[in-house]
Structure formats: C-alpha cells, structure tokens
Amino acid sequence: MVLVAGGYDRKDGNKAIAEDRANLVVYGRFFLANPDLPRRFELNAPVYKYNREIFYISDPAIELQQKQDENKCNMASETPAFPLLTPYKMGNFNLSHRIVLAPLTRQRSYNNVPQPHAILYFSQRTTKGGFLIAEATGVSDTAQGYPDTPGIWTKKQVEAWKPIVDDVHAKGGIFFCQIWHVGRVSNKDFQPNGQAPISSTDKPLKPQLRANGVDVARFTPPRRLRTDEIPQIVNDFRIAARNAIEAGFDGVEIHGAHGYLIDQFMKDQVNDRTDQYGGSLENRCRFALEIVEAIANEIGADRVGIRLSPFANYMESGDSNPEALGLYMAESLNKYNILYCHMVEPRMKTVGEIFECPHSLLPMRKAFKGTFLVAGGYDREDGNKAIAEDHADLVVYGRLFLANPDLPRRFELNAPLNKYNRETFYVSDPVIGYTDYPFLETTS
Ligand SMILES: Cc1cc2nc3c(=O)[nH]c(=O)nc-3n(C[C@H](O)[C@H](O)[C@H](O)COP(=O)(O)O)c2cc1C
C-alpha cells in the first residue's frame with residue numbers, strides 16, 4: 001500500500017491515483033481548513049484557504065472556530081459559491097437556488113383536466129426552496145389549441161390541481177401556474193360549438209410543422225375580437241388567476257410569449273387593428289398590461305409574473321422592433337410592481353431552436369425593477385455566468401429539466417445529463433417521456 005503526501009490538491013491527487021503512483025493521497029492543510037474536503041472535491045467546489053497563523057496556537061476550539069469562521073467569510077467573498085446554487089429572495093419567497101423549472105406543455109391532462117400522474121412529475125422536479133412554473137394552462141373554453149392541455153376555468157380543474165400543488169408544497173417547492181390563451185393558434189375542433197378561434201386579427205395562420213417534425217398543424221382562420229369583447233377576455237385571465245390561488249398555487253405567470261393571444265396583440269406582424277389595441281407600441285401592449293393590472297388587483301402584484309418573448313417569431317408572430325417592444329414592456333411593468341418578468345432569450349426564435357444572435361436581454365434586465373428570469377438554451381455554464389454577471393436573478397431550464405428531474409443536483413455535482421427525447425415531449429402516455437427519466441442514483 002502506497003500513501004503519498006505533500007502539497008497535493010484535487011487535480012494532482014486524482015492524477016496520482018489515476019496513474020497508479022499511489023493507493024491513497026494524504027491531505028494535511030487542506031483537510032484542516034475544509035472539514036468536508038472529500039465532498040468539496042466531489043463537487044469541485046471552492047476550498048477554503050488554511051490560515052497559517054492558527055496552526056499552532058494553543059487556544060481552545062472555540063477560538064479556533066472563530067478564526068475559521070472569519071476565514072470562511074473571507075473565502076466566501078473572494079470565491080463566490082456556485083452562482084446557480086446561491087439563495088435568492090424573490091419577493092416573499094425564499095428560494096434556496098436559482099434553477100427554475102420552465103413551463104412545459106405535456107399534453108397529458110385528458111379533457112383539459114390535470115391528472116394524478118402529474119403529482120409524480122412535478123414532485124420529481126421539486127426541491128426544497130426550488131421554484132417551479134407549471135405548464136401553460138387554459139383560462140377559458142376558447143383558450144385551447146392542442147389536445148389534452150390543462151385548464152383552470154372549471155371547478156373540476158381547480159380541484160384536480162389541488163393534490164398536485166399540495167405535493168409540491170409538501171416538498172418545500174414554490175409553484176406558479178402559467179395561465180394561457182392560444183388565440184389563433186387553434187382550430188374549430190378545440191373551440192366551443194366549432195366556432196372560429198379568437199385573436200387580435202382575422203389574419204389566418206399557415207399550417208405549421210408540429211414539434212415532432214412530421215405532423216402538420218392546421219388552423220381555422222380566426223375571428224378578430226371586437227373592442228367591446230376585450231374586457232371579457234381580460235376578465236377570463238383575472239378569474240383564472242383567482243382560481244389558481246384557490247387551487248393552492250403561490251402565484252401565476254401570465255403567458256405573454258410564443259405567438260399566443262397576448263403576443264398576437266403585442267407584435268406588429270400580427271396585430272392590424274385600428275382601435276386603441278392596435279397601431280402604436282403603446283396600443284399593442286395595452287391588452288397585456290390590462291391583464292397584468294387586473295390580475296395584480298385580484299391576487300396581489302407580489303404573486304404575479306409574466307413571460308415575454310419579444311424576439312421570437314414563432315407562429316408568425318414577429319415584431320419589426322423587438323428591442324423597443326421588450327424595453328417598453330419592462331418599463332411599463334414597473335408601474336404595477338409585479339413580482340417578476342421572465343424573458344426568453346433572443347437566440348430562441350422558435351420554441352426549440354437556438355440561433356446565433358447579436359441581441360441581448362440586458363437592457364430589459366436593467367429596466368425592470370423586480371426579479372428577472374431568463375430562459376432559452378441555457379446549460380450549467382452559461383446559467384452560472386448569467387447569474388455571476390448579474391444578467392438575471394434566476395435561470396429557467398426547459399428541456400434539460402424535463403430530462404433530468406434532479407437537475408439542480410446534477411449541476412451541483414457537475415454530473416452527466418440525460419438527453420431529452422423530442423419524440424416523447426407531447427405523447428399522451430402518463431409515464432413515457434414524463435416520469436421515466438432516471439435520477440442520478442439510478443443512472444449508473
Ligand atoms: C415540450 C415543451 C413544451 C413547452 N411548453 C411551453 C409552455 O407551456 N409554455 C411556455 O411558455 N413555453 C413552453 N415551452 C418553451 C420552454 O419553456 C423553454 O422556453 C424552451 O424549451 C427553451 O428553453 P430550454 O432551452 O431550456 O429548453 C415548451 C418547450 C418544450 C420543449
């Protein structure tokens with residue numbers, strides 16, 4: 001048996017073992033200053049510096065402990081811990097880390113009613129003090145455009161959400177519901193009495209390739225909402241938010257992204273209205289801001305977030321000046337004092353593909369006074385960077401979190417990640433591609 005000692009750190013200790021120059025590596029000063037040295041090496045976490053001055057003093061332990069603590073404080077400020085795993089206070093919510101579950105449509109809520117199998121799905125992705133955003137959830141019977149997406153406009157749906165939310169809470173998670181209206185991204189089969197979907201416009205949407213890259217989605221030409229009907233839709237959002245609170249959610253995220261109804265009002269490629277909801281930027285954003293205001297008044301601004309994707313052109317919903325749109329919204333939202341603004345990175349032109357892109361969310365991050373969330377193509381490294389450089393307060397993970405229920409733990413350990421399987425994103429099975437992605441402990 002060969003033991004080696006003398007000036008070893010994590011890297012050359014590993015090397016000594018790997019090259020079979022030693023069976024064991026002996027650590028002195030590092031172990032002295034880091035009682036949890038094996039764990040730190042495992043995580044590749046920063047190690048505290050030893051303090052030469054207290055090596056040989058005869059003080060009792062308590063004195064030593066104090067000096068160690070001072071040393072720890074110094075170290076903590078010199079070497080910030082893993083940024084994504086640092087705590088963050090979002091309004092009244094004490095988050096233990098900054099890795100957020102993205103809203104992810106799963107199409108397993110049969111007949112628009114959340115199902116018991118969602119308990120396991122969300123539970124798998126819950127950590128104590130972690131923040132989760134539930135999938136897009138319809139606000140009314142005209143809000144759907146896909147099979148089996150959940151709703152929150154009936155008593156039955158509210159009751160069905162309760163055990164799911166309760167379980168997330170039992171595990172210490174903070175849980176918001178993303179509330180949604182698809183607008184023209186629908187067809188008559190999803191609409192009451194086979195009527196036309198509603199929108200800001202009557203411009204039809206061309207058939208689109210579905211996410212599986214094979215099927216084609218077809219849309220019924222929409223009916224342009226009359227000005228006097230708009231307050232009713234705002235009211236649907238308000239009631240849905242109230243229902244979400246009734247179901248136990250901690251708050252709601254208004255889905256203002258990805259070419260759905262609210263985006264159809266905001267973006268000038270879609271909105272061709274001539275009333276006070278069309279034309280100028282201010283007019284196009286009016287609908288979104290009326291919804292924000294109504295919901296903030298209903299459930300409290302400290303429970304309200306909004307998701308926006310000013311740069312995306314998904315579902316033929318692009319804007320000729322996305323920077324101005326993003327900035328106008330960020331500034332306007334400040335008036336309502338809402339909890340957070342969640343923006344999708346400019347590099348995500350569609351929901352799933354990343355493009356090279358010169359644009360940045362930084363001006364919006366600087367303009368918005370509440371918590372700023374970013375999403376879109378983040379991995380461990382650039383998520384950490386976004387936090388370290390103060391480009392965001394929280395980073396939202398979609399596909400990686402879907403495929404890795406224990407994503408925060410994997411990031412902490414810098415462990416390998418499961419690959420997501422696109423083909424099972426939207427299948428309606430209660431298990432496959434949903435709750436069957438393995439945890440780290442069961443992977444090896
Ligand atoms: C299967 C799937 C479902 C999605 N459903 C929603 C949704 O319900 N609401 C939403 O705002 N975005 C939705 N998105 C977009 C994600 O929230 C996220 O912004 C996108 O996947 C990019 O982030 P990522 O690179 O971390 O996956 C979905 C994406 C995927 C892959």
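First listed ligand is number 1; within each ligand, the first listed atom is number 1. The structure displayed is predicted, hence computed values, not measured ones.
The contact set between ligand 1 and Gly376, taken as ligand atoms under 4.0 Å from a residue heavy atom, comprises 22 (C), 23 (O), 25 (O). Close contacts between ligand 1 and Arg399 involve ligand atoms 21 (O), 24 (P), 25 (O), 26 (O), 27 (O), 31 (C) [criterion: under 4.0 Å to a heavy atom]. Residue Tyr397 approaches ligand 1 through these ligand atoms, each under 4.0 Å from one of its heavy atoms: 26 (O). The atoms of ligand 1 that sit less than 4.0 Å from any heavy atom of Ala102 are 17 (O). Every atom of ligand 1 with a heavy atom of Ala136 under 4.0 Å away is listed here by number and element: 8 (O). Close approach of ligand 1 to Met348 (heavy-atom distance below 4.0 Å) involves ligand atoms 22 (C).
Not a single N or O atom of Arg106, backbone or side chain, sits closer than 3.5 Å to an N or O atom of ligand 1. Residue Leu402 has no nitrogen or oxygen atom sitting less than 3.5 Å from a nitrogen or oxygen atom of ligand 1, judged on distance alone. The shortest N or O to N or O distance between Arg307 and ligand 1 is below 3.5 Å. Looking at Leu400 next to ligand 1, no N or O pair under 3.5 Å apart turns up.
Regarding atom 30 (C) of ligand 1, its nearest protein heavy-atom neighbour is Leu104 CD2, 3.6 Å. The nearest heavy-atom contact from the protein to atom 9 (N) of ligand 1 is Gln178 OE1, 2.8 Å. The single protein non-hydrogen atom nearest to atom 29 (C) of ligand 1 is Val351 CG1, 3.4 Å, given as residue, atom name and distance. The nearest protein atom to atom 26 (O) of ligand 1, hydrogens excluded, is given as Gly398 N, 2.8 Å; this is a heavy-atom distance. Shortest contact from atom 1 (C) of ligand 1 to any protein heavy atom: Tyr426 OH, 3.4 Å. Ranking protein heavy atoms by distance to atom 13 (C) of ligand 1, first place goes to Pro103 O, 3.1 Å. Scanning the protein heavy atoms around atom 4 (C) of ligand 1, the nearest turns out to be Thr105 N, 3.4 Å.
Residue contacts with ligand 1, taken as heavy atom pairs separated by less than 4.0 Å, involve Phe425 solely via side-chain atoms from C-beta onward. At a 4.0 Å heavy-atom cut-off, ligand 1 does not touch Trp180 at all.
Using a cutoff of 4.0 Å between basic side-chain nitrogens and carboxylate oxygens, Arg223 and Glu229 are scored as salt-bridged. Salt-bridge formation is not detected for the pair Lys11/Asp9: no Lys NZ or Arg NE/NH1/NH2 atom is positioned less than 4.0 Å from an Asp or Glu carboxylate oxygen. A salt bridge does not link Arg224 to Asp275: none of the charged side-chain nitrogens sits closer than 4.0 Å to a carboxylate oxygen.
Judged by a 6.0 Å distance limit and a 45° cone about the ring axis, Arg125 is not positioned over the six-membered ring of Tyr434.
Gly377 and Asp382 make their closest contact through O-OD2, 4.1 Å (heavy atoms, listed as atom of the first residue, atom of the second, distance). When all heavy atoms of Asp319 and Asp268 are compared, the pair lying nearest together is OD1-N, 2.8 Å. Shortest non-hydrogen contact noted between Ser199 and Leu261 is CA-CD1, 3.8 Å.
Heavy atoms from other residues, nucleotides or ligands lying under 6.0 Å from CD of Glu381 number 12 at most.
Classification of the Phe249-Phe175 ring pair by plane angle, with boundaries at 30° and 60°, yields tilted.
Ring centroids of Phe411 and Tyr397 are separated by less than 6.0 Å, placing the two rings close together. In summary, the aromatic rings of Phe368 and Tyr340 are positioned with their centroids too far apart to meet the 6.0 Å limit.
How far NZ of Lys385 is from CG of Asp390: 13.5 Å, rounded to the nearest 0.5 Å.
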